[in-house]
Protein chains: 2
Amino acid sequence: MHSFQPLSEHDPFACSAHDHRRCQHDALAAAEDACRREGVRLTPIRKRVLELVWASHQPVGAYALLEQLAVDGHRPAPPTVYRALEFLLEQGLVHRIDSLNAFVGCTHPGERHRSLFLICRACGRAQELAAAPIEQVITTEAQRHGFALEKLTLEAVGLCHSCSGS
Amino acid sequence: MHSFQPLSEHDPFACSAHDHRRCQHDALAAAEDACRREGVRLTPIRKRVLELVWASHQPVGAYALLEQLAVDGHRPAPPTVYRALEFLLEQGLVHRIDSLNAFVGCTHPGERHRSLFLICRACGRAQELAAAPIEQVITTEAQRHGFALEKLTLEAVGLCHSCSGS
DNA sequence: TTTGCGACGTTACACTATAACATCGCTTCC
DNA sequence: GGAAGCGATGTTATAGTGTAACGTCGCAAA
């Protein structure tokens, strides 16, 4: 078993310039570790859903996942995949992109963090960035209004460096 | 006709402490002005939808609007209200809250701006804040990754000062 | 062996959104 | 005046997203 490479500095927009099987493999290995540490079960379905989410860096919808699962021969109903996604969300293994109704693998599982997503409207890929500095500004601003912040949705849509032609 | 009071400093979480009819009235007056300036038509349906959106400071779903319209006797089909909302979005008179699939009146119509929304999970109200400082941080961060930012979704969920008991 | 529980299966449905085409009223232009 | 064009709305149907409720199954603890 090779040492797990934290996915932090990965650029999903560097299209063909990266070995994506490595991303997927590392993410699954990290998930196994995380679930073992937490004492929760990464069942075959949950693992398969996570694997499918990590099939690309493009956020993927629940029904697209269902179609992929159908290819395996399973043909589960919607609740099955939603339950798997709920589990993965709770364990911090995937994120939900509200503006797309879609899900994407978390690049920092295990670390407590908030994220900012850069979503390319051309290639559909999303990059997760640590939102710590922004979080600080927003928390302060919220407090100024007596607001106790719990959840944060930070999503930017635009063009990535590959798609803007530069 | 009384002078239009910019809605900027209004606190929607100050529950009963404000005359909400005033909010609604001012928003409609501002919308009339904005549409006249832009040379677009604030038709009866569009105006009514805007009025309903401004019936509270709680983001409201498209189907809830449909139900309200039905009370008037209209009973329009979904496309009618979605078209009205699309128009209001284009004119910058309402915002869509992605994390809620809901719509809320814009408190700064006419001004070019990005917004951060504070959404109380207890009372359901939302406050719109100018996101200029945060936008600056995010734009810079995006540029550092070669990402050309176009749209921004900034939504914070938590407890407002009224609901947290303070 | 029984009991409890977590995970998954299954059915049915609720909620959100849009495509496609019809109609209607208004303006423009000959 | 009549035809053409166009924006707004009506209408029908359907696509896409998400969940409630209940049943089943297997495993572990008592």
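In what follows, chains carry the letters A, B, and so on, assigned in the order in which the sequence lines appear, proteins first and then strands, with residues in each chain numbered from 1.
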Any donor-acceptor N/O pair, [X] side chain to [Y] backbone, under 3.5 Å:
X: A:Asp19; Y: A:Arg21; answer: yes
X: A:His25; Y: A:Cys23; answer: no
X: B:Thr80; Y: B:Pro76; answer: no
X: A:His145; Y: A:Gln143; answer: no
X: B:His20; Y: B:Trp54; answer: yes
X: B:Ser162; Y: B:Phe13; answer: yes

Ignoring hydrogens and geometry beyond distance, is the side chain of B:Arg83 in donor-acceptor contact with the base of D:dG7 at under 3.5 Å?
no

When you measure from the centre of the six-membered ring of B:Phe87, is the NZ or CZ of B:Arg46 under 6.0 Å away and within 45° of the axis?
yes

Output the rounded distance in Å from [atom1] ([X]) to [atom2] ([N]).
X: B:Leu88; N: D:dT9; atom1: CG; atom2: P; result: 10 Å
X: B:Arg46; N: D:dG7; atom1: CZ; atom2: C1'; result: 8 Å
X: A:Ile97; N: D:dT17; atom1: CD1; atom2: C1'; result: 16 Å
X: A:Asn101; N: D:dT19; atom1: CG; atom2: P; result: 10 Å
X: A:Leu85; N: C:dC8; atom1: CG; atom2: C1'; result: 15 Å
X: A:Leu100; N: D:dG16; atom1: CG; atom2: C1'; result: 14 Å
X: B:Phe103; N: C:dT16; atom1: CZ; atom2: C1'; result: 9 Å

If you pin B:Ala77 and B:Ile45 to their nearest nucleotides in DNA chain D, which one's is more 5'?
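The residue closer to the strand's 5' end, by nearest nucleotide, is B:Ile45.
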
Hey, mind stepping through A:His57 and A:His18 against ring-ring contact (aromatic ring centres under 6.0 Å, His included) and telling me if it holds?
CA-CA 11 Å; A:His57 288 285; A:His18 81 277; 5.1 Å; yes

Using a strict heavy-atom distance below 4.0 Å, which residues from residues 62-76 of chain B are in contact with DNA chain C?
B:Tyr63

Under 4.0 Å from any atom of DNA chain C, heavy atoms only: list the residues of residues 37-44 of chain A that qualify, in numerical order.
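The stretch gives A:Arg41, A:Thr43 as the residues lying under 4.0 Å from the strand, ordered by number.
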
Is it true that B:His95 and B:Glu128 share a donor-acceptor pair across their side chains at a distance under 3.5 Å?
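The criterion, which ignores hydrogens and geometry beyond distance, is satisfied for B:His95 and B:Glu128.
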
Where do N or O atoms of nucleotides 27-30 of chain D meet protein N or O atoms at under 3.5 Å, pair by pair?
none

What one should report as the nearest heavy-atom pair of A:Cys120 and B:Phe147 is N-CE1, 3.9 Å

Side chain to side chain contact (heavy atoms under 4.5 Å, CB included) evaluation trace for B:Leu154 with B:Ser115:
CA-CA 7 Å; B:Leu154 305 175; B:Ser115 304; over 6 Å; no

Nearest to the A:Pro79 side chain among C:dT16, D:dT11, D:dT19, which nucleotide is it?
D:dT19

From the list D:dA8, D:dT17, C:dT18, which nucleotide is the closest neighbour of the side chain of A:Tyr82?
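Among the listed nucleotides, the one closest to the side chain of A:Tyr82 is D:dT17.
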
Under 4.5 Å between any side-chain heavy atoms of B:Glu155 and B:Ile97, yes or no?
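B:Glu155 reaches B:Ile97 side chain to side chain.
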
For A:Pro78 and for A:Ala84, locate the closest nucleotide of DNA chain C by heavy-atom distance; then report the residue assigned to the nucleotide nearer the 5' terminus.
A:Ala84

